[in-house]
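Note that the structure is a prediction, hence the values are computed from the model and not measured. The analysis underlying the following values was restricted to heavy atoms, covering all of them including side chains, and did not include hydrogens, waters or symmetry mates.
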Amino acid sequence: IIFLILITLSISVIEVRGFKANKKINEFINRGEYVTTINKVAYYKVLKKYDYENLSDRVIDRIDDIYVGTIGDIYISNKDPLDFFVTKYISNNLRIGHSAVVNSIDAQTTIEVTGNEGKKNNIVKEYENTWFQKYNSEITVLRVKGITEENKKQIINWLNNKIGLKYNYFFFRHAKQKYYCLDICSRLYESLGIDIDGKKIITYGSSMISDKDTYIIYYKKRVNSNDINYKVYFLSEE
């Protein structure tokens with residue numbers, strides 16, 4: 001009975017967090033206005049609606065750009081790391097596939113940490129931004145509200161100081177000198193006094209998506225229809 005109660009509570013938590021993230025995503029995509037289709041990718045612009053939606057900072061340079069955002073923006077994937085139906089359900093709702101922080105003005109590089117590249121490579125390091133080649137199910141790009149130019153300098157300094165630190169496999173503990181992918185994103189902003197995951201024991205992508213201090217600037221999802229493979233929504237001034 002205790003086991004069944006725990007399973008029920010776990011499913012409830014997963015469903016609630018997935019619902020909150022999906023609600024924010026749906027609000028964003030429902031604002032989308034169709035622009036064009038290129039190579040079976042349908043593009044929709046999402047016109048700025050709220051004062052906090054900062055478009056003075058870069059989102060994309062062209063409609064089919066594969067480099068999205070600028071310094072401090074967060075990439076989140078729902079890709080299931082184990083490709084198993086249970087973990088796929090969890091990953092789809094909690095968005096725990098992978099995450100990264102953009103560390104360049106043009107988004108051509110990111111800071112990430114992975115746990116599946118071998119002991120020597122499971123460290124915080126700079127990567128060439130190949131997200132749109134690697135993650136083909138769903139990508140959400142978040143921007144944190146109110147980030148200044150001074151904050152961007154602080155972000156770069158903080159990230160550079162973490163290069164080489166090891167991957168944290170014990171997700172229930174925020175180790176001082178170890179990080180997992182979503183953890184490094186939330187703790188980066190914690191260093192600026194901004195809580196973007198609701199002070200959860202474990203950091204989830206869904207928590208960062210639904211958080212009041214973040215907003216979506218870009219969303220891409222596979223749709224698998226005959227005529228369209230993906231739909232893309234991007235924040236735009238006009």
Checklist entry - Is a donor on one side and an acceptor on the other found under 3.5 Å between the side chain of Ser104 and the backbone of Thr109? => result yes
Show the atom names and distances, to 0.1 Å, of all donor-acceptor pairs under 3.5 Å that link a side chain in residues 156-164 to residues at least two apart or in another chain.
| from | atom 1 | to | atom 2 | distance (Å) |
| --- | --- | --- | --- | --- |
| Asn157 | ND2 | Lys153 | O | 3.3 |
| Asn160 | ND2 | Ile156 | O | 3.3 |
| Asn161 | ND2 | Asn157 | O | 3.1 |

Checklist entry - Would you say Asp197 and Leu182 make side-chain contact, with heavy atoms under 4.5 Å? => result no
Checklist entry - Got a sec: does the CD of Gln133 have more than 12 other heavy atoms crowding it under 6.0 Å? => result yes
Next on the checklist: Nearest 0.5 angstrom please: Asn22 CG to Glu15 CD, how far?
Outcome noted: 9.5 Å
Next on the checklist: Just so I know, are the side chains of Glu138 and Arg95 near enough to count as touching, which here means a heavy-atom distance under 4.5 Å?
Outcome noted: yes
Checklist entry - To the nearest 0.5 Å, how far apart are OH in Tyr180 and OG in Ser186? => result 6.5 Å
Item to check | CD1 on Ile196 to OG on Ser210, rounded to 0.5 Å | outcome: 11.0 Å
Item to check | Residue pairs passing the salt bridge (Lys or Arg N to Asp or Glu O under 4.0 Å) test where at least one lies in residues 140-151, sequence neighbours excluded | outcome: Asp73-Arg143, Glu149-Lys152
Next on the checklist: Applying side-chain hydrogen bond (donor to acceptor under 3.5 Å, both in side chains), can you list everything that pairs with Thr214, at least two apart in sequence or on another chain?
Outcome noted: Lys24
Checklist entry - Can you check side-chain contact (heavy atoms from CB on, under 4.5 Å) on Arg58 and Asp65, steps first, answer last? => result CA-CA 12 Å; Arg58 177 184 183 277; Asp65 209 336; 2.9 Å; yes
Checklist entry - What residues, two or more places apart in sequence or in another chain, satisfy ring pair (Phe, Tyr, Trp, His ring centres under 6.0 Å) together with Tyr75? => result Trp131
Checklist entry - Quick one: do Leu165 and Ile123 end up in the same hydrophobic cluster if we chain Ile, Leu, Val, Met, Phe, Trp and Tyr together by side-chain heavy atoms under 4.5 Å apart? => result no
Checklist entry - Same cluster for Ile25 and Leu47 if Ile/Leu/Val/Met/Phe/Trp/Tyr side chains link at under 4.5 Å? => result no
Next on the checklist: Apply the hydrophobic cluster definition, ILVMFWY joined by side-chain contacts under 4.5 Å directly or through others, and give me every member besides Ile228.
Outcome noted: Val223
Checklist entry - Would you say Thr140's side chain and Tyr219's backbone share a donor-acceptor pair under 3.5 angstrom? => result no
Next on the checklist: Pair Tyr189, Ile74 - check side-chain contact (heavy atoms from CB on, under 4.5 Å), show working.
Outcome noted: CA-CA 11 Å; Tyr189 281 99; Ile74 298 170; 3.8 Å; yes
Checklist entry - So, Asp57 versus Thr70: side-chain donor-acceptor pair below 3.5 Å or not? => result no
Checklist entry - Could you give all pairs that pass the side chain to side chain donor-acceptor pair (under 3.5 Å) test and reach residues 229-238, with sequence neighbours left out? => result Arg222-Tyr230
Checklist outcome for this item: Val102 and Ala107 have their tightest heavy-atom pair at CG1-CA, 3.6 Å
Checklist outcome for this item: Tested for side chain to side chain contact (heavy atoms under 4.5 Å, CB included) against Ile216, the lone hit among Ile76, Leu142, Leu235 is Leu142
Item to check | Ile147 versus Ile155, closest heavy-atom pair with distance | outcome: CG2-CD1, 4.4 Å
Item to check | Donor-acceptor pair, side chain of Lys48 and main chain of Glu53, under 3.5 angstrom | outcome: yes
Item to check | Residues forming a salt bridge (Lys or Arg N to Asp or Glu O under 4.0 Å) with Asp183, sequence neighbours excluded | outcome: Arg187
Item to check | Distance, nearest 0.5 Å, that separates CG of Asn39 from CG of Asp64 | outcome: 8.0 Å
Checklist entry - Do Gln154 and Asn151 have side-chain N/O donor and acceptor atoms under 3.5 Å apart? => result yes
Item to check | Any Asn129 side-chain heavy atom under 4.5 Å of Tyr67 side chain | outcome: yes
Next on the checklist: Are more than 12 heavy atoms, taken from residues, nucleotides or ligands other than Asn30, located less than 6.0 Å from that residue's CG atom?
Outcome noted: yes
Checklist outcome for this item: Of all heavy-atom pairs linking Asn103 and Ile111, the shortest is ND2-CD1, 3.5 Å
Next on the checklist: Using the ring pair (Phe, Tyr, Trp, His ring centres under 6.0 Å) criterion, which residues pair with Tyr52? Sequence neighbours excluded.
Outcome noted: Tyr50, Tyr215
Item to check | Those residues that, when tested against Phe132, pass ring pair (Phe, Tyr, Trp, His ring centres under 6.0 Å) (two or more places apart) | outcome: Tyr218
Checklist outcome for this item: The salt bridge (Lys or Arg N to Asp or Glu O under 4.0 Å) partners of Asp227 (sequence neighbours excluded) come to none
Item to check | Closest approach of Ser99 to Glu112 (non-hydrogen atoms, all atoms of both residues) | outcome: O-CG, 4.1 Å
Checklist outcome for this item: CZ of Arg62 to CD1 of Ile60, rounded to nearest 0.5 Å, is 9.0 Å
Next on the checklist: Let me confirm one number: the CZ-CG distance from Arg31 to Asn26, rounded to the nearest 0.5 Å.
Outcome noted: 13.0 Å
Checklist outcome for this item: Hits for salt bridge (Lys or Arg N to Asp or Glu O under 4.0 Å) against Glu126, two or more places apart or cross-chain, chain-then-number order -> none
Checklist entry - Can you name the nearest heavy-atom pair linking Asn121 to Tyr127, along with the distance? => result O-OH, 4.4 Å
Next on the checklist: Quick test of your reading: applying ring pair (Phe, Tyr, Trp, His ring centres under 6.0 Å), list the pairs with at least one residue in residues 12-43, sequence neighbours left out, ordered by first then second residue.
Outcome noted: Tyr34-Tyr44
Checklist entry - Do Ile63 and Val46 belong to the same hydrophobic cluster, where Ile, Leu, Val, Met, Phe, Trp and Tyr are linked whenever their side-chain heavy atoms lie under 4.5 Å apart, directly or via other members? => result yes
Item to check | Whether over 12 other heavy atoms sit under 6.0 Å from Ile38 CD1 | outcome: yes
Next on the checklist: Do Tyr89 and Ile14 make a side-chain contact, defined as non-hydrogen atoms from C-beta onward lying under 4.5 Å apart?
Outcome noted: yes
Next on the checklist: Measuring only between side-chain heavy atoms, which start at C-beta, is Phe234 closer than 4.5 Å to Val141?
Outcome noted: no
Next on the checklist: Give me the atom names and distance for the closest heavy-atom approach of Asp195 to Asp211.
Outcome noted: O-OD2, 3.3 Å
